[in-house]
**Q** 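Quick one: the structure is below, and I'll ask about it shortly.
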Amino acid sequence: MTTDHGYPAVRMHIAGQWCQGGTGRTAPVVNPATEETIGEVPLATAADLDRALEAADTGFRTWRDTPVADRTALLHTAADLLTERAEAVGLTMTLEQGKPLAEAAGEARRVADTLRWHADDARRAYGRVIPSAPGTLLTVRREPIGPVAAFVPWNFPAGGPMRKISAALAAGCSLVLKASEETPATAAALVACFVDAGLPAGVLNLVFGDPAEVSAHLIASPVVRLVAFTGSVPVGKLLAAEAGAVMKPALMELGGHAPVVVCADADPVRAARGAARAKFVNAGQVCTSPSRFLVHSSLVDEFTDAFVAAAEAVVVGDGLAADTTMGPLANERRLRAQERLTADAVARGAKLRTGGERLDRPGYFYPPTVLTDVPADAALMSEEPFGPLAPIVPFTDLDEALRIANALPYGLAAYGFTDSAATAELLAARLEAGILSLNHCGGSVHEAPSGGVKDSGYGREGGPEALDAYLITKRVSHLLTP
Ligand code: NAD
């Protein structure tokens, strides 16, 4: 069923049933390209959450005891369904989040592949046999940790949920997933693929609600054995503290403020084009988005000209229009943040090279914006913009660039451009980040781990490491000849 806007009706999924919340309370879903309300998202009551927890508890035992070959086969079926539905899921995503349709459908197809990758990795959750005394079998086993409470944001409406769902289900865990109330229908469309593939009731539960109420309720429940969160640093710290208070492990994928270091021997035009492409993906609302451009002073003019040209070539518009290459910000909060950060930088002496003012039309549109001469005390240099702002700052020696790059409490992604293998190795060794790309601005891939250091969080998603958080390690020594 869809609304007049072509947006699906959204429901929660609890204990194998699609449902509204107990009190019928809802919140509006807004299309960021038009500011129109396009749907309603149901909000869970405490009783709804308790039903989801009970279902996850039962579902866990069912799923844990399902042979791994059957689990893998079912996850592949869900991935195939998502691939078939990618265009429709992409349309839903564009309506509720704003990103261009091609980017949205591409995200749906990519996460189907993420699911396949983790499904196959489920078969390789090996333990080990350790040489021991005669008559003793000493083994290390890996077992699913139990029901997971997962919280995901709105910037990747398919990618965020699927990273948690695919790793948890591959490991043999059940979930209560609270997806974003701002992008609920994409999450529901993913869950529908698992339901239609035959996932047993209770294994994957989807809820929405007041984020603080839902997280406090789920984290405190003795049913939940792992807290998995993607979002901002302040909320991550809050949830990690709540998890710590009840001695639960947590997986924290938080924000960053990625430096791009362009060294004196790099090609400034190639670096600018690559960095600009990465900067404006998803309107800059990506945790690994390049966001501080540190350029050797000998290259800064050439780099800036090429970057500004690339920024001005971006076509900003409704994600449904065929020629759009960058959609609106996903919500009004992000629009206000871009306005505030730009005004603050300019007031402190930064020069606006392009952009800098919201578009004069309905929707949360803010253009690619390039600022030079940005002083160190501008908020933009320490606060993650999570939007299409690019401050360019010159440096004269590499130690200075590394000092600026590592000065913030964040440590998620970093980028470097250089023609020297030795300098590349130096950057690899010295940049404080969990994800480093050299001579390109690479995005996340499911076959390799992503995650942060310092305030950007802990734990890894992607790669074989993705299952670590969802598995416990059990030592079993078995005396065979008592
Ligand atoms: P926010 O801090 O209000 O919320 C971030 C996410 O956490 C949202 O999805 C929100 O629903 C959820 N959330 C908030 N309070 C929560 C709680 N008590 N329990 C559980 N979930 C809770 O910020 P926002 O305005 O939605 O997003 C802006 C900031 O969030 C950005 O500046 C960026 O730093 C960060 N962010 C990071 C990522 C990421 O991929 N790491 C994704 C989205 C947003």
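One-based numbering, in listed order, for ligands and for the atoms of each.
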**Q** Decide yes or no on side chain to side chain contact (heavy atoms under 4.5 Å, CB included) for Phe229 and Val235, but give the supporting numbers first.
**A** CA-CA 9 Å; Phe229 175 74; Val235 176; 3.4 Å; yes
**Q** With only distance considered, is Glu182 within less than 3.5 Å of ligand 1 through an N or O on each side?
**A** no
**Q** Give the C-alpha distance, both sets of side-chain angles, the deciding distance and a yes or no for side chain to side chain donor-acceptor pair (under 3.5 Å) between Gln97 and Asn155.
**A** CA-CA 7 Å; Gln97 198 270 355; Asn155 56 334; over 6 Å; no
**Q** Please state which protein non-hydrogen atom is closest to atom 18 (N) of ligand 1 and give its distance, to 0.1 Å?
**A** Ala212 CA, 3.3 Å
**Q** With a 4.0 Å cut-off, would you call Arg25 and Glu40 a salt bridge?
**A** no
**Q** Has Arg334 got any heavy atom lying under 4.0 angstrom from an atom of ligand 1?
**A**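 The answer is yes, since Arg334 has a heavy atom less than 4.0 Å from ligand 1.
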**Q** Output the list of atoms in ligand 1 that are nearer than 4.0 Å to some heavy atom of Thr230, sorted by atom number.
**A** 39 (C), 40 (O), 41 (N)
**Q** Report yes or no: does Thr342 contribute a side-chain atom to a donor-acceptor pair with the main-chain N or O of Gln338 at less than 3.5 Å?
**A** yes
**Q** Given Phe386, Trp154, Phe151, which has its nearest heavy atom closest to atom 27 (O) of ligand 1?
**A**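 Considering heavy atoms of Phe386, Trp154, Phe151, the nearest to atom 27 (O) of ligand 1 sits in Trp154.
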**Q** Contact between Val393 and Arg292 at the side-chain level, heavy atoms closer than 4.5 Å - yes or no?
**A** no
**Q** Specify the protein heavy atom at minimum distance from atom 24 (P) of ligand 1: its residue, its atom name, and the distance to 0.1 Å.
**A**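 The closest one turns out to be Arg333 NH2, 3.6 Å.
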**Q** Show me the side-chain donor-acceptor pairs of residues 217-227 shorter than 3.5 Å, one per line, residues at least two apart or across chains.
**A**
from	atom 1	to	atom 2	distance (Å)
His217	NE2	Asp50	OD1	2.7
Ser221	OG	Val223	N	3.0

**Q** Considering only heavy atoms, which of Gly255, Pro153, Gly231 lies nearest to atom 37 (C) of ligand 1?
**A** Gly231
**Q** Output yes when the distance from some N or O of ligand 1 to some N or O of Pro211 is under 3.5 Å, and no in every other case.
**A** yes
**Q** If you measure every N or O of Glu384 against every N or O of ligand 1, does any of those distances drop under 3.5 Å?
**A** yes
**Q** Under the salt bridge (Lys or Arg N to Asp or Glu O under 4.0 Å) criterion, do Glu339 and Arg336 qualify, and how do the steps go?
**A** CA-CA 5 Å; Glu339 291 176 333; Arg336 299 289 166 230; 2.8 Å; yes
**Q** Nearest to atom 29 (C) of ligand 1 by heavy atom, Gly236, Ala179, Ser232: which?
**A**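 Answer by nearest heavy atom: Ser232.
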**Q** Within a distance of under 4.0 Å, is there any protein heavy atom near atom 3 (O) of ligand 1?
**A**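 So atom 3 (O) of ligand 1 lacks protein heavy-atom neighbours under 4.0 Å.
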**Q** Looking at Phe365, I'd like to know if the NZ or CZ of Arg361 sits under 6.0 Å from its six-membered ring centre while staying within 45 degrees of the ring's axis.
**A** yes
**Q** Strictly by modelled atom types, are Glu384 and Tyr410 linked by a side-chain donor-acceptor pair under 3.5 Å?
**A**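 Side chains of Glu384 and Tyr410: no pair found under 3.5 Å.
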**Q** Go through the structure and list residues passing side chain to side chain donor-acceptor pair (under 3.5 Å) with Arg348, not counting sequence neighbours.
**A**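 Arg348: side chain to side chain donor-acceptor pair (under 3.5 Å) contacts with Asp344, Asp377.
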**Q** Of all the atoms in ligand 1, which lie at a distance below 4.0 Å from a heavy atom belonging to Glu253?
**A** 41 (N)
**Q** Do Lys164 and Glu253 pass the side chain to side chain contact (heavy atoms under 4.5 Å, CB included) test, and can you show the C-alpha distance, the side-chain angles, and the key distance before you say yes or no?
**A** CA-CA 11 Å; Lys164 308 275 186 261; Glu253 289 290 329; 4.3 Å; yes
**Q** As an exercise, identify every atom of ligand 1 less than 4.0 angstrom from a heavy atom of Cys287.
**A**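 Answer, ordered by atom number: 39 (C), 40 (O), 41 (N).
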**Q** Does Phe229 come within less than 4.0 angstrom of ligand 1, counting non-hydrogen atoms of the residue?
**A**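 Right, Phe229 reaches ligand 1.
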**Q** Do ligand 1 and Ser215 have nitrogen or oxygen atoms that lie under 3.5 Å from each other?
**A**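 Right, the criterion is met.
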**Q** Does the protein put a heavy atom less than 4.0 Å from atom 42 (C) of ligand 1?
**A**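 Yes; the ligand atom in question has protein heavy-atom contact below 4.0 Å.
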**Q** Near Asn155, which atoms of ligand 1 are under 4.0 Å from a heavy atom of that residue?
**A**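 Result: 40 (O), 42 (C), 43 (C).
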**Q** If you have a sec, work out which protein heavy atom is nearest atom 14 (C) of ligand 1 and how many Å separate them, to one decimal?
**A** Val235 CG2, 3.6 Å
**Q** With a heavy-atom distance limit of 4.0 Å, tell me whether Leu239 approaches ligand 1 through its side chain, its backbone, both, or neither.
**A**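 Answer for Leu239: side chain.
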**Q** Taking atom types as modelled, find out whether Glu312 and Thr354 have a side-chain donor-acceptor pair closer than 3.5 angstrom.
**A** yes
